[in-house]
There are 2 protein chains.
Amino acid sequence: MHRFRTATFDLENGKRLQNNKNMKTTIKDIARDVGVNVATVSRALNNKPGVSPELRRTIQRRAAELNYLPYGQARSLVTRRTETVGLLFDMELGTLLSNPFYSEVLAGIEAEIRQHDYSLMFASTSGEPVQHFTALPKFIVEHRVDGVIVVGSVEANIIDMLITSGQPFVIVDYHLPDRHLDAVLADNVRGAYAATELLIGLGHRTIAFVGGEPLDHGNFGERLEGYRRALNDAGIPFQDDLVAGGGIENGDLNALQILARRPDTTAVIACNDTNAIAALNALQRKGYGVPDRISIVGFDDIPHAARTHPPLTTVHVDRRGMGRAAALRLIHKLHDNDSQPECETVFPAKLVVRESSGPPPAAKPADSEAVLPDERQ
Amino acid sequence: MHRFRTATFDLENGKRLQNNKNMKTTIKDIARDVGVNVATVSRALNNKPGVSPELRRTIQRRAAELNYLPYGQARSLVTRRTETVGLLFDMELGTLLSNPFYSEVLAGIEAEIRQHDYSLMFASTSGEPVQHFTALPKFIVEHRVDGVIVVGSVEANIIDMLITSGQPFVIVDYHLPDRHLDAVLADNVRGAYAATELLIGLGHRTIAFVGGEPLDHGNFGERLEGYRRALNDAGIPFQDDLVAGGGIENGDLNALQILARRPDTTAVIACNDTNAIAALNALQRKGYGVPDRISIVGFDDIPHAARTHPPLTTVHVDRRGMGRAAALRLIHKLHDNDSQPECETVFPAKLVVRESSGPPPAAKPADSEAVLPDERQ
DNA sequence: CTGTTAGCGCTTTCAC
DNA sequence: GTGAAAGCGCTAACAG
């Protein structure tokens, strides 16, 4: 009947396991060793009631001596909980990590997750080719996580698959206006609005917006929208040729380009700090004084923004807080069974005025530039 | 005898599960549905031999229809393999991620791991306080990973715990000279040697080294050592006041400080690119021409190094490759049972000459500075 | 080729 | 307080 494990014969040898290199000790071993039932060992080790204090101590001591390490797999199989959450993002890990925005979000998630004694699994789009998820990552398919945090934009079908899989999940920094999902977001529109408003208040009238891809939706789209609205509310017409999209790292080229075709520009808003800093450097190198000739404001308030020359005026987003909030939201979902309904948590975006923004240069030269007949319509 | 799961009574209803929201379908359900044994289902789904092609197809189709997702936990319990590896690093995640060096290493690890269809778990030092590991992370303790990759320096006792736990592991970018462990390393000494040699060859004699913490061991220590050896081999005495350690982000302050006390300095080697770029900016801002007045060389060849003005001469390390190598090494350890002995894989560090390095300014002025009597001994 | 059965390590009723 | 036994979902002998 009884087959023997590996090559060890079960000759009533209570301690055989600790002598066998290939075998980890289990509660069964401890039970045999102490002379109690496995259930008692389980109770003792998990600090559950129903074990006399001294027995509990004996068991715990013996477990430590035998170098006992529990098998999470086995526990999870019966408890249906892995105490692990998965992180999902539709970019290559390197891309995600090198983005100061997301790396802070991740740090927040990790901190919160860890504080609740959960573990974290990662999944990104595979390898070098810019290839998107075709299926959910293995660890989700195999029930290896209790829930998922989606970071940034992912393909719509991934969200659908998550929904049909029944996996609890929350999204951070990706706004799906239609669906009603748990999400943690930054108030991009209002942030960009405030930034634009600041510049208008300083007297700027020709304000450029240098963006990244994509510019029609997502974070950058929302920021562009805030810029647009602020202009509109101030009665300044929105002008296409003051906006440049394109590669996120090309803030320098974009800014230079706009300035070439619209020399009357006196301020630029960048879709994020990385872009703003690139623009700042490029402009300074070309001899444009910042903020005397041209003001620059960024978005995100990455650490480096405070250390540029001049320090960058930007819009602060509590990325770390967003990460923590998302993680916390998920953990709540996992514990209180479906208690709260889906909700969006919007983090305020706060303008941080530093020294890269100031009033535009005296009106005269700007005016003369502006009326040059050869200016593009 | 038979207790009923939850509130569903087992009335020979082969399809009850898919109607029950709380219950995922299992191979048992499929078996019942198709009218075969669970073992057959298992074989069919895992593409194992011993199932007729048509039966296999039927089972697979039915599994898909029933929305079957396997329970990795259960499988792992019997196969003793989780197909997951853990990542261990003794810093806060944010710190790790904001470091371009490590984020590339991680990307490499992730890519390789994923290619082999493994998953990745993360563990960092907990939370904000600079607190080090006191115990192995939960996922290791609970056998939730098959092996571990240690990134960067960790406390020695963590290594010890890993060893006694019997977990297969490989270290990347952390050199423990004493022990004989699996590790993937960069050839820091030789890299720094080459950089220093380049400068010496160009005619520099007063070469500063601006470092980060710690400077007595680890990567920076090894780079300093390479610098030292190159000087030595060229017959140039090593001078303490040409070296500045301190905060890794303070390349600017350190460089300025050295230049203040040793105006005869004509070149600086930085312990990494982040530092070098900080120094570059600071020096240029103070009016020092680079490379005319002073040459700068970095270490790591982070992406941004090619985009500075002037582009940075630096030492390239294939961080991504190191990550991949470490992951691959671990996976091999997991498959071929303990085949190869422990080994260190050393990645070459290749000098990349760009435009931030050049010959020192004409000897005259440098000489006159160098002989000023008030120069510190 | 397919079915039977034992069991991975653990938790959890249910008895006593 | 403690023990006995069932079983989580799956794989892997072994038997036919």
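Here is the naming used below: chain letters follow the sequence lines, and residue numbers restart at 1 for every chain.
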Not counting sequence neighbours, which residues clear side chain to side chain donor-acceptor pair (under 3.5 Å) with [X]? List them please.
{"X": "Y71(A)", "answer": "R80(B)"}
{"X": "Y174(A)", "answer": "none"}
{"X": "E112(A)", "answer": "H116(A), R324(A)"}
{"X": "D117(B)", "answer": "none"}

In whole angstroms, how far is the [atom2] atom of [N] from the [atom1] atom of [X]?
{"X": "L45(A)", "N": "dT12(C)", "atom1": "CG", "atom2": "P", "result": "14 Å"}
{"X": "Y71(B)", "N": "dG9(C)", "atom1": "OH", "atom2": "C1'", "result": "17 Å"}
{"X": "K24(B)", "N": "dG9(D)", "atom1": "NZ", "atom2": "C1'", "result": "14 Å"}
{"X": "R56(A)", "N": "dT2(D)", "atom1": "CZ", "atom2": "C1'", "result": "12 Å"}
{"X": "L77(A)", "N": "dG7(C)", "atom1": "CG", "atom2": "P", "result": "17 Å"}
{"X": "K28(A)", "N": "dA5(D)", "atom1": "NZ", "atom2": "P", "result": "13 Å"}
{"X": "R32(B)", "N": "dG3(C)", "atom1": "CZ", "atom2": "P", "result": "15 Å"}
{"X": "D29(A)", "N": "dC10(C)", "atom1": "CG", "atom2": "C1'", "result": "13 Å"}

When you measure from the side-chain N and O atoms of [X] to the phosphate of [N], is any distance below 4.0 Å, counting only OP1 and OP2?
{"X": "Y68(A)", "N": "dC10(C)", "value": "yes"}
{"X": "R81(B)", "N": "dT11(D)", "value": "no"}
{"X": "R80(B)", "N": "dG9(C)", "value": "yes"}

Between G35(B) and P70(A), which has a closest nucleotide on DNA chain C that is more 5'?
-> G35(B)

Of the candidates dC8(D), dG3(D), dC8(C), the side chain of V36(A) sits closest to dG3(D)

Decide whether Y68(A) and D29(A) meet the rule of one side-chain donor and one side-chain acceptor closer than 3.5 Å.
-> no

Ignoring hydrogens and angles, state whether a donor on the side chain of E110(A) or S124(B) is under 3.5 Å from an acceptor on the partner side chain.
-> yes

Which residues pass the side chain to side chain contact (heavy atoms under 4.5 Å, CB included) test with [X], sequence neighbours left out?
{"X": "V34(B)", "answer": "I30(B), V36(B), L55(B), T58(B), I59(B), R62(B)"}
{"X": "E342(A)", "answer": "H180(A), D182(A), K333(A)"}
{"X": "S76(A)", "answer": "T82(A), Q73(B), R144(B)"}
{"X": "V141(B)", "answer": "L69(A), P70(A), L136(B)"}

Salt bridge (Lys or Arg N to Asp or Glu O under 4.0 Å): pairs with one or both residues in residues 156-165 of chain B, sequence neighbours excluded = D160(B)-R179(B)

Got V151(B) and L88(B) here, is their nearest side-chain heavy-atom distance under 4.5 Å?
-> no

Kindly state which residues belonging to residues 46-55 of chain A come within less than 4.0 angstrom of DNA chain D, counting heavy atoms of the residue only, listed by number.
-> G50(A), V51(A), S52(A), L55(A)

Hey, can you pull the residues of residues 37-44 of chain B with a non-hydrogen atom under 4.0 angstrom from DNA chain D?
-> A39(B), S42(B), R43(B)

Could you give the angle between the helix axes at the two ends of the helix from dC1(C)-dG16(D) to dC16(C)-dG1(D), with five pairs per end, rounded to 10 degrees?
-> 40°

